[in-house]
2 protein chains.
Amino acid sequence: MQRYFTITQLTQEFDITTRTLRFYEAQGLVTPQRRGRQRLYTPGDRTRIKLILRGKRLGFSLAEVKELIGMYGSAPGETGQLRLLMEKIAARREELLEKQRDIELTLLELEEVEAGALARMEELSPVTSEER
Amino acid sequence: MQRYFTITQLTQEFDITTRTLRFYEAQGLVTPQRRGRQRLYTPGDRTRIKLILRGKRLGFSLAEVKELIGMYGSAPGETGQLRLLMEKIAARREELLEKQRDIELTLLELEEVEAGALARMEELSPVTSEER
DNA sequence: AGATCTATTGACTTTAACGTAAAAAGGCGG
DNA sequence: CCGCCTTTTTACGTTAAAGTCAATAGATCT
């Protein structure tokens, strides 16, 4: 098993540029080790990158993604901090649930459009019952 | 029932600025009527605005949203156009389904973090079995 | 009509998230 | 050691999506 990934390996795997990865690093989203000046990414770093990209797909900003990822590692000692963490979790969950509803609605609407389109196609080129 | 909405009514309802609505108009996402220079939004316009904001919440760009909304009104006559429409629908559906999976994963991870946090709280302030 | 509000337009600015280009620094094959 | 290649740094450019500001232009209240 490979201990480290190079930057180009990861850019190829995730179809992003080196600029992007270095930018994420500058924003404090990943902190690969160095061998001299060269970056070495651990499997953990790779996972974080996956999480970043997933967050982006969901429309979160990098700042939001950073906060989200920050939660994963943290088991803060103080009760106050824990309460704060729980609140953040609740807030994120609400957002995600809203997005789920948004998606459901959009999928339903797409279905309607599709049904309409199918009906139009039937109209235009009748039965063709032998296809499929 | 109200036939028209003013721009400020809509900005208040959706918690956006007038600048935003005029920008959407400049991008061809809504085309309110005019009474003199004043904009008058129909219930249909209002619905489009809702769709725009929903698309944005899901991380779509305005250009993508425009394409999406464009599908709703269209029942193109030509078979070729219909086929194209169906393909677009399929593509959007794929994206949305991926987002659904992304959300599921994120929710699961949040649950884990929450469970960890809860455990830590138990540790710190024991039982308190009378609460709730 | 005058004063005051609100809406519109146009120009310029801002922010996030990179892209692009140039220069320097290692690493490697011959 | 030399030339070549990749990586890194630094700096500046770009794009989408508005924000901000100033100058009108109507509309409204009195």
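Chain naming here is simple, since letters A, B, ... match the order of the sequence lines and numbering starts at 1 in each. What's counted below: heavy atoms across the whole structure, side chains too, no hydrogens, waters or symmetry copies. Computed from a predicted structure; not experimentally measured.
Qualifying side-chain hydrogen bond (donor to acceptor under 3.5 Å, both in side chains) partners for B/E67, counting only residues two or more places apart in sequence or in other chains: none. Taking A/E25 as the reference, A/V30, A/P32, A/R34, A/R39, A/Y41 meet the side-chain contact (heavy atoms from CB on, under 4.5 Å) condition, with sequence neighbours excluded. Taking B/Q81 as the reference, nothing meets the side-chain hydrogen bond (donor to acceptor under 3.5 Å, both in side chains) condition, with sequence neighbours excluded. Remark: A/R19 pairs with no residue by the side-chain hydrogen bond (donor to acceptor under 3.5 Å, both in side chains) rule, at least two apart or across chains. Qualifying side-chain hydrogen bond (donor to acceptor under 3.5 Å, both in side chains) partners for A/E123, counting only residues two or more places apart in sequence or in other chains: A/R120. Looking at residues two or more places apart in sequence or on another chain, you find a side-chain contact (heavy atoms from CB on, under 4.5 Å) between A/T79 and B/M121, B/L124.
A/T18 comes within 4.0 angstrom of no nucleic acid atom, judged by non-hydrogen atoms across all strands.
Distance CZ (B/R22) to C1' (D/dT20): 12 Å, rounded to an integer number of Å.
Proximity of residues 48-65 of chain B to DNA chain D (heavy atom under 4.0 angstrom from any strand atom) is restricted to B/K56, B/S61, B/L62. Contact check of residues 25-42 of chain A against DNA chain C (heavy atom, cut-off under 4.0 Å) returns A/R37.
Note on residues 108-119 of chain A: pairs passing salt bridge (Lys or Arg N to Asp or Glu O under 4.0 Å), not counting sequence neighbours, are A/E109-B/R54, A/E114-B/R93.
For the residue pair A/T42 / A/R46, no side-chain donor-acceptor distance below 3.5 Å is found, with atom types taken as modelled.
Residue A/Y24 has a polar side-chain atom (N or O) positioned under 4.0 Å from OP1 or OP2 of C/dC18. Contact annotation: B/T6 side-chain N/O to C/dA7 OP1/OP2 distance is not under 4.0 Å.
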Any protein N or O atoms within reach of nucleotides 4-6 of chain D? Criterion: under 3.5 Å, listing atom names and distances.
none

Check the interface with nucleotides 20-22 of chain C: list each N/O to N/O pair with the protein under 3.5 Å, or write none.
residue: C/dT20; atom: O4; partner: A/R19; partner atom: NE; Å: 3.1

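Listed by first residue number, the stems of DNA chain D with at least three Watson-Crick or G-U pairs below 3.5 Å are C:1-30 with D:1-30.
Of all nucleotides listed (D/dA18, C/dA7, C/dA17), C/dA17 comes nearest to the side chain of A/F23.
A cation-pi contact, defined as under 6.0 Å to the ring centre and within 45° of the axis, links B/K99 to B/F60.
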